[in-house]
Structures are given as structure tokens and as C-alpha cells.
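Please find one structure pasted underneath; my questions will follow.
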Amino acid sequence: MIRINDILDKITDFNPEADLDLIERAYVYSARVHDGQVRLSGEPYLSHPLEVAGILAGMNLDDVSVASGLLHDVLEDGHVSVDELGEMFGQETLHIVSGVTKLSRLKFSSSQARQAESIRKMILAMADDIRVILIKFADRLHNMRTLEFQKEHKRARIAQETMDIYAPIASRLGIYWIKQELEDISFQYIEPEEFNRIKKRIRKDKDARKEYVESVRDIIQKEMDSAGLKCLVKGRYKHFYSIYNKMLTQNLDFEEVYDIIGFRIILDTTPQCYEALGLIHALWQPVAKKFKDYIAVPKANMYQSLHTTVIGPFGERVEIQIRTKEMDEVAKSGIAAHWSYKEGKSIDEKANTAYAWIQNLVENQENFRDPGEFMENVRIDLFPDEIYVFTPRGEIKALPKGATPVDFAYLIHSEVGNQCTGAKVNGRMIPLNTSLNTGDTVEVMTTKGHNPSKDWLNFVKTVKARSRIRHWIKTQEKERSTSLGREMCEKAFRKNNLNFISLSKTEEMKAVVKEFNFKTLDDMIAHVGYGKITPLQIIGKFTATPEKHESDESILNRLIGRVKKKKTSDGVVVKGIDDILIRFSKCCQPVPGDQITGYITRGRGVTIHRYNCTNILKLSPERRVEVEWDKTLPETYPVKIRIRSQDRFGLLADITATISKHSSNIIHANTETNEDTGVNMYFTIAVEDTEHLKRILSDIRKVKYVHDVIRLASS
């Protein structure tokens, strides 16, 4: 465990004028609050805030940041009042600690809602003071380093959240060392077998290629020395998840990932970087389209470097990065490298401009209350690649890679987006779903009175476009559902000798609306139209309902009970609805163990999707219902998998035998043989749950010559 003196020594090294008294008081206070508390590892809880503070000191952050790191859990774990913390350590420290604190004291309808609100709060605080996210990174990093002590079912969930949210934010902030460590640890718990397989191969490859790395490094060093360029040359291995991701996205074997080893040349000045590039290209042949100049055109997070790939001395492709010492510091530390501990919480204007996306993130998210929709939009906003296009007047606009003229139209103004009917790119008419490229000049055609199309959701890339289109669809759908719901209520009330119009104006109806947790009567009526509640449920709330109708209600319930007894194969329980048709979506093929959600489809019951299915996220959140797996029913569910292998005699027989060994039925099979004797196999198999699937995939990976096997998202 790191000691407080080690942290104080680190701070003094880079900032002799730091307020060490503030940090020492924070340490004493944290020790008192956490006294007697123990981590899952068995260590005193104080070890965690100390490690967090140590990480922050290692990032050369200011004294307030380090003190906040020591105090980051006291509001959550120590029953400490906000007023007391502010009085003892100041409002600046209180603001940061409040931003980091999770929302464990509030009640939410689901774990997804808790996660969404926690992330939302963190983003809001991050926009106000970037130190919030830096402390959150240190907190998450130490928690990930000790994830092995968590219960098994929690490890994968925490790792997935880290991979989905924290690693992308670290990337956008340019803190690559944190991004890479978070990704590798998450990868270890999400795909343990793939992680260990790559780890073993890297270890084996390192031993075999140690001489190769030293040889190439020496050649580069001699070339630079002979030109009088003083530099540092490093050879490095890509981190595990980066290799796995490249294998997956480009359909490559481990041996085919050419840039597992990369070299970095670090110099003093920018002109020296370009001179070194010329020397490398004169020494070895550059690979076409593999050169990127991030010095002249920096990434959005201010990352700068020259990237080139060449055919090296032994005929292999070699990736080389060339940058200055200052650029290397920014590449490692991102926004933390621009933090001025002497000027408190201010960062330079260049950094403020580069991180304006955080404010955009806040503005885009403030109207989303549905947890799934919110989390999807956060992920879209965290997508790092950007393109730059021009308006007809020559103004530059930044958009995410893959953005379309519709995204551009909504970026100009919501009304321009809503009324968009066509677009010209570089003077030529193009379809609205065309992807734009950097340098394009975009002109939007509008027609007054035109409305957005639901189909636009299939190709727009920006949160603003997606949210405005959804808002319009939601408004239209609510109007239709309110009209339909009112009609249904009037008919049902008439059948029960009640006047819906008269009752809707009474205090009794107001009480019913409140009991169903709606703000207005129209909201409740709209939900009748959506199919989320029935008119009979509303009628049942009126105590003055005649006895005859209570009898009718009980007969209905008995009929529903009979139907339920016959339906024993759904395997899903819909919250608040007893008798309803259940269908499983073919797009994401959910199985027990997956987080799921339901979508009410008029006339076809409830369709079950995986919670993060891209198709459900495009649909109206108003018609979603909470569902859960019925664990009492032993059922099997179809899942599609893909196996990549080297072809050999008896391969298919071995794989089918492995699947059968786990009592899984093969519903469909298809194989594709490549020219290089590789083979792709696609199976649809019946499994009981995600654990059953994991056991099958694990054993398939052990079959001779099988490279990898993955679950596919759709059939």
C-alpha cells in the first residue's frame, strides 16, 4: 500500500509550492471516516483513497485534486454531511467530491437507470470542472486493478461499463495510458479465454522477436545519429485489447496483425520530426495510404504525431510514430498535460477549445431521461473520429465520421434538419444517406412544411439529429396514442355504465392518475393507447364500480389465468401485464443471462430484445416495458455463432460433437471455405442461457486449428 509520505514527495517534486497541509488534513479526515472499513481484498479501506491520490499525484495534478482523491468516497461511505465537508476543505473541493460521488443514496427503477444517472451527473460535473473525470479515472483504475476480489457475476458487468464509457472518455481526453490499461483489464474479464490466448502468444512472440526489436531500433538510431538528429527510439508492443480488436474487425489471425510491434522516435522540435520522416522513407519503402500527419492536423484531443508504415529491413511491415517530447507528453497524459497546477482550475485556451465537445455532450443529453437512450447517445458522442466539412459560405463544421447531409442539416438548425428534402455536395445532388468526407462543401435543400422521416434513424450519426427526429416521431405517436387511448377508455367505461368524460374532471380521476405515477390525465390516456395499461385497470381503481363489473373482472382474471397455464414456453415475465403474447426478436436473439427489455407492438404483443440492441434503441422509448427472465421454465433459445478455423479433415465432425456434448441442438449450419484453406462456419444452436453458451464456446476454442469463435448479434 502506498504511504501518504510517498504522495507528498511526488507532489513536492513537481510543485514545491503545493498546499501540503490541505492534503495531510484530507488524509487524516479520510482515515477517520473510513476507520474500521475493509475492502473485499481484506485490506483497510483507506488503501483505496491512498492509491487514488497516488495515481493523481503521478499525473502531476494540483493539490486540490489530490486532496479530493483522498476524500472522494467520504460522502458516499462515511455518512458525512455536505456542509461539513465544504466547511473543512472549501467549496472547490466539495464540488469535485460531489461530482465523483455515485448516486447510491437515491432509488432508481433499475440498475440501468442508476448507471445512466451516475454517468449523467459525472458528465455535468466534468463540464464544470474537468478534474472530476480525472479523479473518477483514478478511482475506476484502482477498482479495476482489484476487480478479482469482486463476485464473479459483478466482474463482467463492471468491466463492460468500463469498456463502454470510461475507456472512450479517456481516449477523447487523450489519456491513452489510462485508456489502454482500462481496456486490457476489462478485456481480461469480458473475454478471459481470448485475453489469455493473446497474452501467451505475445509472451512467446516477445522471446522470439527480442533480437528483431533491438536490431530495427539500432538501425533507426544509427540513421538518426548519422544525420545529427538527437533522439530517443523506443520499440513497443500493442496492448492486448488493441490486437484483439484488430483481429476481430479486420478478420485477421494473430500472425496477420503486422503492427503488433511499433517504434517511436522522440525528438526536440517539429522540423526535426519531418526530417526524421524523410530519412525513414529514404531508408525503407513506405506503404501507400498508411501515412498520417497528426502534427499539421491534430486529433480533436490535441494528439500530435507523424504515423507511417514502411516495409522494414526483413520484409515485414513496421509502424513508426515520430513526435517531439512535448507531443509525447500530451500523447501519454492528454488533458492532464495541459493542467496548470499553479493556476488552480484554469487550463489554457487551446485546451478549452479542444474539449468543447464536453459542453456539447451536456447540451445533447439534458433532454434524455430514458436510460437506454441516454447511454446510447453518450456512446455516440464519445466516438472519437471526426470529419470537417464546409458550408456554402466557407464555414468549417465538425461531424463524426460517417455523418450524412441530414446530420449536417440538424447541425445548422433543427428546423433546417426537419425540412431537409435534398442536398448538394461539391455542387452535385446526392442521396441523403450518403456519408460525407473531410473537405466536402455541403448545401442543404429545404421544403417548408416537410417533416422528418423515421427511416433517417437508420443512417444519422449525431445525437442532435437522432434526438430531433425521435422527438418529432414521439410527438406524432403521442398524439395518435392519446386519441386512440381516449376512444378505448370511453368505450370501456360505457360498457361498465360509467361516463369517462364526466369522471375525467373529478378528484377521483386525479387520484387515479397519481396512483399510476403520471403527471397528467393525457399522459395516462396516451399509455392506454401505447398498450402499456388497459382501460379495465383504470376502471378497477374506482371504488364505486358496481358489483356486477367486479364479477366481470374476476371472470376475466380467471380466463387470463387459464391462458397463462397453457402458455408455459415464453420464459419471460412482463412487469404489470399478465396475459400477453411474447415474441423474441431475431435481430439480437436474447437468451437468459442477457439484460433484456420489451417493446409493445400493436397486434403482436411484446417483442423481447437485448437491452443494448441497436434496433430497440431506434424505437420509441414510450412503448418499452420492463421484462425479466422467468427462471422457473427450462427453455432453450437460438443463438448464432461464427467459428474461424484452418480447414482440416474431420473439423466439422469435431465441432458438431463438441456442441452435442453440451446437450445443445444444432438448428442451422453453414460453412464457407476461403482460398487460403481458412474456413468460416456459421451455426445456429439452442442454448439454455449465457453460461451454457460460454461453456460451448470455450470448448469449441479448444478444437484443433480453431482460431476464434464469437456470438453474432443477428441471424
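In what follows, every heavy atom counts, from backbone to side chain, and hydrogens, waters and symmetry copies are set aside. Residue numbers start at 1 and run along the sequence shown. For clarity, every value in this text was computed on a predicted model and none was experimentally measured.
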Please check: side-chain N/O of H413 versus main-chain N/O of A409, any donor-acceptor pairing under 3.5 Å? no
Flag the pair D594 and R711 as a salt bridge only when some basic side-chain nitrogen lies within less than 4.0 angstrom of an acidic carboxylate oxygen. yes
Taking the side chain as everything from C-beta on, heavy atoms only, tell me whether I685 gets closer than 4.5 Å to I667. no
Verdict with supporting geometry, F683 and H668, ring-ring contact (aromatic ring centres under 6.0 Å, His included): CA-CA 6 Å; F683 287 89; H668 182 264; 9.0 Å; no
When you measure from the side chain of S664 to the backbone N and O of A686, does any donor-acceptor pair fall under 3.5 Å? yes
Measure the shortest side-chain to side-chain distance between R610 and V591 over non-hydrogen atoms and say whether it is less than 4.5 angstrom. no
After noting the C-alpha distance and the side-chain angles of Y410 and R466, does the key distance pass the side chain to side chain contact (heavy atoms under 4.5 Å, CB included) rule? CA-CA 9 Å; Y410 277 104; R466 192 178 295 272; over 6 Å; no
Which of parallel (below 30°), tilted (30 to 60°) and perpendicular (above 60°) describes F584 and Y637? perpendicular
Evaluate the side-chain proximity of F500 to M509: yes if any heavy-atom separation is below 4.5 Å, no if none is. yes
Quick one: CD1 on I710 to CG on L697, what's the gap to the nearest 0.5 Å? 9.5 Å
Working to the nearest 0.5 Å, report the span between NZ of K510 and OG1 of T520. 12.0 Å
Residue pair P405 / V444, side-chain heavy-atom distance below 4.5 Å: no
Taking NZ, NE, NH1 and NH2 as the nitrogens, is one of them in E691 or R695 under 4.0 Å from a carboxylate oxygen of the other? no
Does S171 reach the main-chain N or O of A167 with its side chain, forming a donor-acceptor pair under 3.5 Å? no
Within the side chain of N143, is there an N or O that forms a donor-acceptor pair under 3.5 Å with the backbone of D139? yes
Here the gap from C489 atom SG to I501 atom CD1, rounded to the nearest 0.5 Å, amounts to 11.0 Å
Give a yes or no on whether the ring-centroid distance for F518 and H527 is below 6.0 angstrom. yes
Keeping S502 on the side-chain end and N499 on the backbone end, is there a donor-acceptor pair under 3.5 Å? no
Let me see the working for V425 and L436 under side chain to side chain contact (heavy atoms under 4.5 Å, CB included), right down to the final yes or no. CA-CA 8 Å; V425 171; L436 300 173; 3.7 Å; yes
Apply salt bridge (charged side-chain N to carboxylate O under 4.0 Å, His left out) to residues R155 and E152 and explain how you reach the verdict. CA-CA 5 Å; R155 292 177 201 160; E152 189 173 349; 5.3 Å; no
Nearest 0.5 Å please: distance from the CE atom of M524 over to the CZ atom of R486. 10.0 Å
Do the non-hydrogen side-chain atoms of I582 and T607 ever get within less than 4.5 Å of each other? no
W629 and G593 have their tightest heavy-atom pair at NE1-N, 3.7 Å
Counting only N and O atoms by type, is there a donor-acceptor contact under 3.5 Å from the side chain of T636 to the main-chain atoms of E688? no
Would you name the heavy atoms of K401 and K461 that are closest together and state the gap between them? O-CG, 4.3 Å
Of the non-hydrogen atoms in N418 and W456, which two are nearest, and what is the gap between them? O-CH2, 4.3 Å
With rounding to the nearest 0.5 Å, note down the distance linking CD in Q589 to SG in C613. 11.0 Å
Pairing of R140 and E161 as salt bridge, 4.0 angstrom limit: yes
Indicate yes or no for a side-chain donor-acceptor contact from S98 to the backbone of L94 under 3.5 Å, with no hydrogens or angles considered. yes
When you measure from the side chain of K640 to the backbone N and O of L712, does any donor-acceptor pair fall under 3.5 Å? no
Mind running side chain to side chain contact (heavy atoms under 4.5 Å, CB included) on T404 and L432 for me, showing each step along the way? CA-CA 7 Å; T404 65; L432 289 177; over 6 Å; no
Flag yes if more than 12 heavy atoms outside H450 fall under 6.0 Å of its NE2 atom; otherwise flag no. yes
Could you walk me through whether I596 and V627 satisfy the side chain to side chain contact (heavy atoms under 4.5 Å, CB included) test, starting with their C-alpha distance in whole Å, then the side-chain angles of each, then the deciding distance to 0.1 Å, before giving a yes or no? CA-CA 7 Å; I596 53 173; V627 295; 3.8 Å; yes
Contact summary for A156 and I190, nearest pair of heavy atoms: O-CG1, 4.4 Å
Keeping Q160 on the side-chain end and R157 on the backbone end, is there a donor-acceptor pair under 3.5 Å? no
Looking only at non-hydrogen atoms, find the nearest pair between A423 and M445 and report the distance. N-CG, 4.1 Å
Looking only at heavy atoms, which two atoms of L399 and A403 are closest? And how far apart? CB-CB, 3.7 Å
Any M144 side-chain heavy atom under 4.5 Å of L182 side chain: yes
I'd like to check L503 versus L498 (side-chain heavy atoms, cut-off strictly below 4.5 Å). Are they in contact? yes
Distance from E487 atom CD to I525 atom CD1, nearest 0.5 Å? 12.5 Å
Side-chain heavy-atom pair K136, Y166 within 4.5 angstrom cut-off: yes
Taking H692 for the side chain and H662 for the main chain, is one N or O donor matched with an acceptor at less than 3.5 Å? yes
Under 4.0 Å between a side-chain nitrogen and a carboxylate oxygen: does that hold for K464 and D407? no
